[in-house]
J.: 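Please see the structure below; I have some questions.
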2 protein chains.
Amino acid sequence: MIEIPLIDLNKQELFKDYKNKFKALADEKRLEILHLLTTDGESCVCDLQPKIDMTQSKLSYHLKILLDADLITRTTKGTWSYYKIKEETINHILSEELCCIFRPSRKKDSDTCC
Amino acid sequence: MIEIPLIDLNKQELFKDYKNKFKALADEKRLEILHLLTTDGESCVCDLQPKIDMTQSKLSYHLKILLDADLITRTTKGTWSYYKIKEETINHILSEELCCIFRPSRKKDSDTCC
DNA sequence: CTCATACATCAACTTATTTTGATTTTATTA
DNA sequence: TAATAAAATCAAAATAAGTTGATGTATGAG
């Protein structure tokens, strides 16, 4: 006998993906990191560390969560890891009103900005 | 001696508020509830309960979290509690691409919709 | 080759969130 | 008035997430 799901599976998959992204956004420290990456652009861990008050291992932990949620990207050059906002994802999820906080390309110059 | 915060206080306040909203969104069950309220409009707990597979106390718990985050509103009529999407908040936070999932007024009829 | 730096990862621990079942409150109905 | 129904709340248990300090692994500089 076939069970009919209460809600279709594609939506369940979508919800799971959004849940992961919202979970990654659901932390003040991580919002701070995202904001820093938005204003300062691509940065390495050692750049971020003094700007937000956090130990290196904690910072790496939070960056990994943002990375896994596809909200940022990483490129490694030698012993440095450079992190950058993934605008594609951020813009897909967040409203334009949040633009000047987390959307680099919409920073301050648009009328629709806060 | 005055400490200069690494990041200004207004932004900290903003981040705290966003964190709370993202935290409320960071759960599959709650996204399901929001989606149901989006498609079905204002509903009471007893309407929602059979549609999503959840016990009453669990449902009330999750509704309270959405309510506290200002993502939905409640009106009580007699012994019923009716919950409704708070479009103002949803639209302020989420992108238009998420409209047909969580934004009642943008449902399906717009080209920018998914 | 040795040392310092940048970063990731790990395991133990602490804290926060979710689930469960029972209870309470208020309102409606018989 | 007694019985039922809707929904909120509570306390205990179960899960999950975040923090900490230590360790590992490259890489680059001297």
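Quick note on labels: first sequence line is chain A, next is B, and so on, each numbered from 1.
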J.: From D/dA8, D/dG18, C/dC7, pick the nucleotide closest to the side chain of B/S60?
T.: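 The answer is D/dA8, which lies nearest to the side chain.
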J.: Let me know the distance between NZ of A/K23 and P of D/dA16, rounded to the nearest Å.
T.: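 Atom NZ in A/K23 sits about 9 Å away from atom P in D/dA16.
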J.: How many Å lie between CD on A/Q49 and P on C/dT5, as a whole number?
T.: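 That distance rounds to 13 Å.
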J.: Name all residues meeting the side chain to side chain contact (heavy atoms under 4.5 Å, CB included) criterion together with A/S57; count only those two or more places apart in sequence or in a different chain, and write none if there are none.
T.: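 Checked A/S57 against side chain to side chain contact (heavy atoms under 4.5 Å, CB included); matches are A/T55.
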J.: Check the distance between C/dT20's P and B/M54's CE and give it to me in whole angstrom.
T.: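 Result: 10 Å.
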J.: Take atom CD of A/E28 and atom C1' of C/dA16, then tell me their distance rounded to the nearest Å.
T.: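 It is 14 Å, rounded to the nearest whole Å.
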J.: Are B/K21 and B/D17 within salt-bridge range, i.e. N to O under 4.0 Å?
T.: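 Between B/D17 and B/K21 there is a salt bridge, with a charged N closer than 4.0 Å to a carboxylate O.
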J.: Calculate, to the nearest 0.5 Å, the distance between atoms OG1 and CG belonging to A/T89 and A/L66 respectively.
T.: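 Separation between the atoms: 11.5 Å.
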J.: Mind checking what makes side-chain hydrogen bond (donor to acceptor under 3.5 Å, both in side chains) contact with A/K64, not counting sequence neighbours?
T.: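 Per chain and number, A/K64 pairs via side-chain hydrogen bond (donor to acceptor under 3.5 Å, both in side chains) with A/D68.
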J.: May I ask you to evaluate whether A/H62 reaches the phosphate of D/dT19, defined as a side-chain N or O under 4.0 Å from OP1 or OP2?
T.: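 So the side-chain polar atoms of A/H62 do come within 4.0 Å of the phosphate oxygens OP1 or OP2 of D/dT19, strictly under.
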J.: So, do B/I65 and B/L71 sit near enough that their side-chain heavy atoms are less than 4.5 Å apart?
T.: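 Not in contact.
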J.: What is the distance, rounded to the nearest whole Å, between atom OH of B/Y61 and atom P of C/dG21?
T.: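 That distance rounds to 16 Å.
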J.: Looking only at side-chain atoms of B/S57, point me to the closest of D/dG21, C/dT20, D/dG18.
T.: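 Out of D/dG21, C/dT20, D/dG18, the nucleotide with an atom closest to B/S57's side chain is C/dT20.
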J.: Decide, yes or no, whether a salt bridge links B/D27 with A/K23 under the criterion of side-chain N to carboxylate O below 4.0 Å.
T.: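 So B/D27 does not pair with A/K23 through a salt bridge.
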J.: Any heavy-atom pair between the side chains of B/E32 and A/K11 that's under 4.5 Å?
T.: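 Sidechains of B/E32 and A/K11: no contact.
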J.: In this structure, how many angstroms lie between the P atom of D/dG18 and the CG atom of A/L25, rounded?
T.: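 Result: 12 Å.
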J.: Can you check whether B/Y83 has a side-chain N or O nearer than 4.0 Å to OP1 or OP2 of D/dA8?
T.: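 For D/dA8, OP1 or OP2 has a side-chain N or O of B/Y83 closer than 4.0 Å.
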J.: Go through residues 64-81 of chain B and report each residue with a non-hydrogen atom lying under 4.0 Å from DNA chain C, sorted by number.
T.: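 B/I65, B/G78, B/T79 - these, ordered by number, are the residues of the stretch whose heavy atoms sit under 4.0 Å from the strand.
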J.: Decide yes or no, distance alone: a donor-acceptor N/O pair under 3.5 angstrom between the base of C/dA6 and the side-chain of A/Q56.
T.: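 No, the side chain and the base share no sub-3.5 Å donor-acceptor pair.
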J.: Given atom NZ of B/K29 and atom P of C/dT17, what is their separation to the nearest angstrom?
T.: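 Going from NZ in B/K29 over to P in C/dT17 covers 20 Å.
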J.: Measure the distance from CG on B/L63 to C1' on C/dT19 and round it to the nearest whole Å.
T.: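 In whole Å, C/dT19 C1' and B/L63 CG are 15 Å from each other.
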J.: Counting side-chain heavy atoms from CB outward, which of C/dT19, D/dA8, C/dA8 is closest to B/K58?
T.: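 So the side chain of B/K58 is nearest to C/dT19.
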